[in-house]
Structure formats: structure tokens, C-alpha cells
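Below: the structure, in C-alpha cells.
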Amino acid sequence: MHKDGNQVRVRFAPSPTGYLHVGGLRTALFNYLFARKHGGKFILRIEDTDRKRSISGALEKLTSTLKGIGLQYDEGPDIGGNCGPYIQSQRLDIYKKYTQKLLDSGNAYYCFCSEERLNNLREEQRKRKRPPMYDGKCRDLSKDEVEDKLNEGLPFVIRLRYPREGKTVFDDVVRDRVAIDNSMVDDQVLIKSDGFPTYHLASVVDDHLMKITHVIRGEEWLSSVPKHIFLYESFGWEVPVFVHLPLLLNPDRSKLSKRQGDVSVESYLKRGYLPGVMLNFIALLGWHSADDREIYSLEELENAFSLDRINKAGAIFDIEKLNWMGGQYIRSLDVEYIADQSRHFFEETGIDISDNGKYLKVVNTARDYVYCLSDIVEHAKMFYEDLIFSEEDRELIGQEDSRRIFSYWIKALGKKTGWKPEEISLLIKQSIGELGIKGKNFYFPIRLALFGNCHGPDIPTLINILGTGESIKRLETCLTQ
RNA sequence: GUCCCCAUCGUCUAGUGGCCUAGGACACCGGCUUUUCACGCCGGCAGCCGGGGUUCGACUCCCCGUGGGGACGCCA
């Protein structure tokens, strides 16, 4: 299943931006699934080589989100492993060592060009409708020239001396064979002037040192593969298998971004989209089994997943379908589980749910209306709080017929406690007959009195949840208004 | 602009030359159920980007267009 019969080792390598992007979650998930499917290892590595972008606390947030959603990694910054450290900013000496090898072999060179010169160069090239690339000014500096500039203390970067002739052909599990002309590949900066490596150097070095067998990442990396291959070959290392995943897209088909909606996994989780839902939904963006199945637990995905069923085309992140799936899960899981997961949403609102029997009934009823847990409160609070009536509601409540209904029901319900739903159904029929009020004129006032809304669960359910005492109390409240 | 990638209902997708009169799911529309809403059930609408080949036969293979996306940073 992989080269040399070695154990599969894959990694998810995000930069610590402060939240987990749904695109990142998809990459993480596919890596995870592939590792689990083949009994391999799933590694978390933090790519914090951009000092401007790193945010404090991001690491903790990331690791807890990953674990919370169920993607437990086998090696990583907080849990260690044999190939650490797993944070790139702690591996600077390693990159330095390998950069020196590149310098020695002539596959990299010092560049002293100022940012200003580079900007002007690019601008000029753009104007001439040429691809913006480094012009190689420092590519052929003599040893002495380099020495002099270094001694002068000039700031420098180290660039890859990429061949200008020929073409690079490589295989990708998703894209098949890809060919890129070497003349199109830039002399990539490997070490920035602050001494930190860029992605290209760091990820190649780390992937090799961490014995990564399959590089599974987003398609945005496809065009830099030649640089990576050149690096592997310069070091004399084996090139891993590349798997470039189709991009996740905004509704307008551009690369999924936070400008067009919520892309933070944490915020979905916070709103009570179940972890399993996020995973299940996102697995289907770019992957699909041969049959029509769409609902999978993480464990089932681990078994069903395979790289050869990954799609080539990008997929729009469609929140409508996410919502549908959310509702499916909320309705099909054990009510105890849903109730338990929803508990804190009620507590945050200050609702007293200490009566567990009632709480379970409430959740069981309210879950028909929602696709994420936080919305349950909206459909449940009427069972706990005093009802608020609009002007229109009051008018209906105050009508003579309404008052007759309330009186009748107060009296009827008061005869006993522990009414069963079937008995309530019977009582409804009976009261309609005796009062001579039917249809909307009967149901709307009583529903309003009990629930504060003309729409919602049926009356037997309402009374069953509220209990006889509270039901009578609510009817009396309306009668005295 | 250059290079690379991609292309089946509005969306996610099944389809690997005949099983396709193109299947499923979301959304949408209609019906049933319900006092109502929601859930649920049933049904419907809707697609192979275009043009050339190859072939007895193309959604499927090839070419050319077109369209979309990505990359072109001392960001990842």
C-alpha cells in the first residue's frame, strides 16, 4: 500500500492562525482517515515560521479542537513522539544545518537583493505581462563577492538555485501525471532575512525527518511541487507520495475564505453543530463512496475511506446541506446524549433544567426543529419561562370564546393529575363538542395560552411536558389578563 | 499576463464505452400525515459546457475551444 512496505506516516501541518479552518479540518480528516485505514501514524506539526502571523494561544486552541472533534493524532507538539520537536520554530538549527548542505552543494545561494528592488522587479514584469520571477541577480555571485557582502553585514536571504532547463514530471494520486516546465519555477526563498525558513524548505526537511510517506494537502500546493522535488533530490532523499486535495470553495467558487461566511470550525462547534456532523459532512466534500451512502460515523469513515475515490474538482461548502445533516444527527442520536450535549446552552440562558424528566421530554420535542444544539433553547424555553404575548396574541386571548375555552380546561384538567396524552386527545374532542368552538378558533387560543405560540408541538405533548399544575396555571394567567 | 489544475442537476455527487430514457442526497415545488408548525413518508422539477474526432456505439477515450479555479510573496 506504500513504498518499501514502510508504515504509513502522514501529517497535518497547519500554521497557528488562531482557529481551525474548515478547509484545514478536511485536510486533517483525510490524513487521519488514511492513517487509520492503513494502520499508520497521523502526526500534527505546527508550521509557525511566519513570525508575523503566529498568534499566542493558537496552539492550545488547535490541539484541543482537533482532539475534541475526534481527530486524535499519534505524535504532536503536546504529546511528543520520536521525531520531535513538532513545532517548526523549535527546529531552526535543523533547517540551518540542511541549508548549509544546499549551499555547499551549490543548490542554494545567498541573495542580497532588497525588498524594494524585488518589488520594482515584479511590478516591471507584471507591466510587461511576464510572470513575476526573481531575475537571478545574485545567482552567480562569486564566493568573494558573497563573503564581502556578508562581512559588510548586509541582510540576505537564501534562495534555491532551481534549474532553468527541462521540465519536472511527477505523479499525484489525485491528479495523475503533472508536468511543469522548469523555466516557470522561481528561485524560491528558502531562508528569510530573519533567519526563519519558508514553508518549502521547512516542510520538505520535516517531512523527510519525520518519515512522512504521503503528503496529503490542498491543491494550492500543486504548483510548488517541482521545488519540493528538487529539494528532496538535492538532499538525496526519497520523494513521498503526493496527494493534492481539491479545494473547498465559497458559493461563488473562489477558494473558501472567511470573507464569505464562517470558516472557523470552533465557531460551528460552539453553536452546537455536532463533531460527528462536521466530520461526516466535510468528508463528503471531495470524497464519496461508490454507493449512495452519506451518513457515516468517524469509525465507519475510517473503514470506507480510500484515496482513489477523491474527486478532482473543487467543492462548494454548502451550509444548507450541513444543516440538513445536523438535523439528521440530532434527531437520530439518543435523546440522553443530545440532552447532555445541550445542557450548557440552557445553563447559559439561566434556565433551570434540574427536573431531568421534564428536560428530556423538552429536548426530545424541540429537537425536531433544529440543526444545531444551540437552537434547541429557542424551541424549548417556552416550557420554562413565563410566556410573552404580543398585542395580537392578547387580543385573541381576551376574546369571549377564548375565555370560555380556558375556563373549561382549567376545570377539566383540575379533576385529576397525571393526564395521559390519549386522555388529552379525548378531552380536546369533548371540549370542542361541548363548547361548539372548533378549528383555529379552538386550537390557537389554547396553544397560545399553553405555549405562547400558535405553532409548535401538539397539545397533548404540551400538557404532558408542562404537567397538569403548570398547564392550569398558564390557562389561569390568560384568563385573568 | 504566464504556468498548472478542473468541468454531470442551483449545490454535494454516482457513473471508468453499450446496464443511462444519466442514479442518490441537499435545496426547491406538490401531495399525504398533523388542529398548527416542525418531523416523517410519497411524488415532481432540474444536469452530462460547446465543437470536432476515435468507435458499430460515447457522460465515459483523444483534440480544440469556452468557462471556472489555483499558483506566480522574505504567507502558509
Side-chain angles (χ1 to χ4, degrees), chain A residues 13-17 24 47-50 52-53 88 111 113-115 118-119 122 125-134 155-159 172 174-176 178-181 183-186 188-200 202-203 217-226 244 246-247 249 251-255 281 284-295 309 311-325 327-328 331 365-370 379 425 428 432 438-444 446-447 451 453-459:
Chain A
S15 52
T17 54
E47 312 225 319
D48 59 343
T49 55
D50 184 358
K52 297 182 286 286
R53 269 215 328 197
Q88 290 187 327
C111 171
C113 293
S114 68
E115 222 155 331
L118 262 18
N119 287 339
R122 273 192 282 269
Q125 287 163 327
R126 283 225 154 86
K127 239 183 261 174
R128 285 169 36 223
K129 308 223 181 257
R130 301 271 63 166
M133 280 173 80
Y134 183 59
F156 65 87
V157 300
I158 294 173
R159 285 181 185 275
D172 181 279
V174 177
R175 318 274 143 195
D176 300 323
V178 179
I180 295 175
D181 239 32
S183 63
M184 298 308 304
V185 182
D186 205 358
Q188 180 65 47
V189 169
L190 263 19
I191 297 289
K192 305 179 242 186
S193 55
D194 64 1
F196 276 60
T198 57
Y199 170 86
H200 307 278
S203 74
R217 77 236 293 190
E219 194 195 337
E220 67 265 33
W221 295 109
L222 192 62
S223 46
S224 37
V225 169
H244 286 90
L247 259 20
L249 274 22
D252 73 353
R253 295 219 150 266
S254 57
K255 188 161 114 176
F281 175 69
L284 261 23
L285 261 27
W287 176 87
H288 202 281
S289 64
D291 54 34
D292 291 331
R293 184 166 178 192
E294 294 199 304
I295 302 294
R309 292 200 60 84
N311 269 22
K312 288 177 183 354
I316 292 175
F317 183 80
D318 178 16
I319 194 135
E320 294 282 356
K321 188 151 185 177
L322 204 216
N323 288 343
W324 164 78
M325 193 176 279
Q328 292 295 307
R331 263 164 251 129
T365 298
R367 66 170 165 172
D368 274 354
Y369 294 83
V370 304
H379 295 270
S425 296
I428 289 171
I432 286 174
K438 58 181 181 179
K440 262 169 57 169
N441 298 126
F442 173 80
Y443 289 104
F444 280 11
I446 196 165
R447 299 184 46 74
F451 190 62
N453 198 311
C454 296
H455 303 299
D458 56 37
I459 290 166

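First the proteins, then the strands, lettered A, B, ... as listed; each starts at 1. This structure is a prediction, so every number in the text was calculated from the model and none was measured.
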Legend entry - Below 4.0 Å: OP1/OP2 of B:C75 and any side-chain N or O of A:K192: yes

Inset, instruction - Pick the C1' atom in B:C64 and in B:U54, then give their distance to the nearest Å. - result: 15 Å

Inset, instruction - Using a heavy-atom cut-off of under 4.0 Å over every strand shown, decide if A:K440 touches base, sugar-phosphate, or nothing. - result: nothing

Inset, instruction - Could you state the atom-to-atom distance from CD of A:E219 to C1' of B:A7 in whole Å? - result: 12 Å

Inset, instruction - Grab the CD1-C1' distance between A:I316 and B:A25 for me, whole Å please. - result: 16 Å

Inset, instruction - Return the value, rounded to whole Å, for the distance between atom CE of A:M184 and atom P of B:G70. - result: 18 Å

Inset, instruction - Return the value, rounded to whole Å, for the distance between atom CZ of A:R130 and atom P of B:G1. - result: 12 Å

Inset, instruction - Using a heavy-atom cut-off of under 4.0 Å over every strand shown, decide if A:I428 touches base, sugar-phosphate, or nothing. - result: nothing

Inset, instruction - Report yes if some heavy atom in the side chain of A:P155 is under 4.5 Å from a heavy atom in the side chain of A:K192; otherwise report no. - result: no

Inset, instruction - For A:V157, report the nucleic acid contact type (base, sugar-phosphate, nothing); a contact means any heavy atom under 4.0 Å. - result: base

Legend entry - Donor-acceptor under 3.5 Å (A:Q125 side chain, A:M133 main chain): yes

Inset, instruction - Sugar-phosphate atoms are those with a prime plus P, OP1 and OP2; base atoms are the rest. Using that split, label each nucleotide of nucleotides 37-48 of chain B B, S or - for protein heavy atoms under 4.0 Å, 5' to 3'. - result: BBSS--------

Inset, instruction - Could you say whether A:E320 or A:P197 is positioned toward the 5' end of RNA chain B, judged by the nucleotide with the nearest heavy atom to each? - result: A:E320

Inset, instruction - Counting Watson-Crick and G-U wobble pairs only, both distances under 3.5 Å, name the nucleotide matched with B:G50, or none. - result: B:C64

Legend entry - Side chain of A:R159 (C-beta onward), nearest among B:U36, B:C26, B:C74: B:C74

Legend entry - Inter-nucleotide C1' distance (B:G50, B:U66), Å rounded: 7 Å

Inset, instruction - Determine the Euclidean distance between corresponding C1' atoms of B:G43 and B:U16; express it in Å to zero decimal places. - result: 32 Å

Inset, instruction - For A:S15, report the nucleic acid contact type (base, sugar-phosphate, nothing); a contact means any heavy atom under 4.0 Å. - result: sugar-phosphate

Inset, instruction - Please give the nucleotide sitting opposite B:G1 as a Watson-Crick or G-U wobble pair, both distances under 3.5 Å, or none. - result: B:C72

Inset, instruction - Using the C1' atoms only, state how far B:C26 lies from B:G65, rounded to an integer number of Å. - result: 33 Å

Inset, instruction - Select base, sugar-phosphate, or nothing to describe what A:R53 touches, counting heavy atoms under 4.0 Å on all strands. - result: base

Legend entry - Touch class at under 4.0 angstrom, heavy-atom based, for A:K321 against every strand present: base

Inset, instruction - Tell me what A:G327 touches on the nucleic acid: a base, only sugar-phosphate, or nothing, going by heavy atoms under 4.0 Å. - result: nothing

Inset, instruction - Go ahead and name the base partner of B:C19; Watson-Crick or wobble counts if both distances stay under 3.5 Å, otherwise write none. - result: none

Inset, instruction - Answer with base, sugar-phosphate or nothing: what part of the nucleic acid does A:K438 contact at a heavy-atom distance below 4.0 Å? - result: nothing

Legend entry - Spacing of A:Y443 atom OH relative to B:U35 atom P, expressed in whole Å: 6 Å

Legend entry - Heavy-atom closest contact (A:S223 atom, A:P226 atom, distance): O-CD, 3.6 Å

Inset, instruction - Looking at every strand, decide which applies to A:T17 at a 4.0 Å heavy-atom threshold: base, sugar-phosphate, or nothing. - result: nothing

Inset, instruction - Please tell me if the side chains of A:Q188 and A:R159 come closer than 4.5 Å, counting only heavy atoms from C-beta onward. - result: no

Inset, instruction - Have a look at A:R217 and say if it touches a base, only the backbone sugar-phosphate, or nothing, with a 4.0 Å heavy-atom cut-off. - result: nothing

Inset, instruction - Considering just the side-chain nitrogens and oxygens of A:S254, establish if one lies under 4.0 Å of OP1 or OP2 belonging to B:G68. - result: no

Inset, instruction - Specify the separation, in whole Å, of atom CG of A:D318 and atom C1' of B:C28. - result: 13 Å

Inset, instruction - For the residue pair A:K321 and A:E294, establish whether any side-chain heavy-atom pair is separated by less than 4.5 Å. - result: yes

Inset, instruction - Please report, rounded to the nearest Å, how far the P atom of B:C75 is from the CD atom of A:E115. - result: 8 Å

Inset, instruction - Identify which nucleotide among B:G1, B:C74, B:C3 has an atom closest to any side-chain atom of A:T198, counting heavy atoms from C-beta outward. - result: B:C74

Legend entry - Pairwise P distance, B:G67 and B:G44 [rounded to whole Å]: 37 Å

Legend entry - Residues A:D176 and A:K312 bridged, charged N to O under 4.0 Å: yes

Legend entry - Same-atom distance (C1') from B:G47 to B:U21, integer angstrom: 14 Å

Legend entry - Side-chain donor/acceptor contact of A:S223 with base of B:C4 under 3.5 Å: no

Legend entry - Nucleotide paired to B:C26 in any strand shown, Watson-Crick or G-U, under 3.5 Å: B:G10

Inset, instruction - Compare the minimum distances between each of B:C74, B:U11, B:C72 and the side chain of A:S193, then state the nucleotide with the smallest one. - result: B:C74

Inset, instruction - For A:N119 and B:G73, give me the distance from atom CG to atom C1', rounded to whole Å. - result: 9 Å

Inset, instruction - Using only side-chain N and O atoms of A:K255, determine if any of them is under 4.0 Å from OP1 or OP2 of B:A71. - result: yes

Legend entry - Exercise: identify the closest heavy-atom pair between A:T365 and A:P457: CG2-CG, 3.3 Å

Inset, instruction - Give none if B:C32 has no partner; otherwise give the nucleotide forming a Watson-Crick or G-U wobble pair with it, both distances under 3.5 Å. - result: B:G40

Inset, instruction - Could you please name the option among B:C12, B:A76, B:C72 that lies closest to any side-chain atom of A:E220? - result: B:A76

Legend entry - Nearest-nucleotide 5' precedence on RNA chain B, A:N311 against A:A179: A:A179

Inset, instruction - Determine the interatomic distance between C1' on B:G69 and the same-named atom on B:C28; round to the nearest Å. - result: 28 Å

Legend entry - Pairwise side-chain contact, A:W221 with A:S203, heavy-atom cut-off 4.5 Å (strictly under): no

Legend entry - Nearest-angstrom distance, C1' atom, B:G52 to B:G30: 43 Å

Inset, instruction - Would you mind classifying the nucleic acid contact of A:E294 as base, sugar-phosphate or nothing, using non-hydrogen atoms under 4.0 angstrom? - result: base

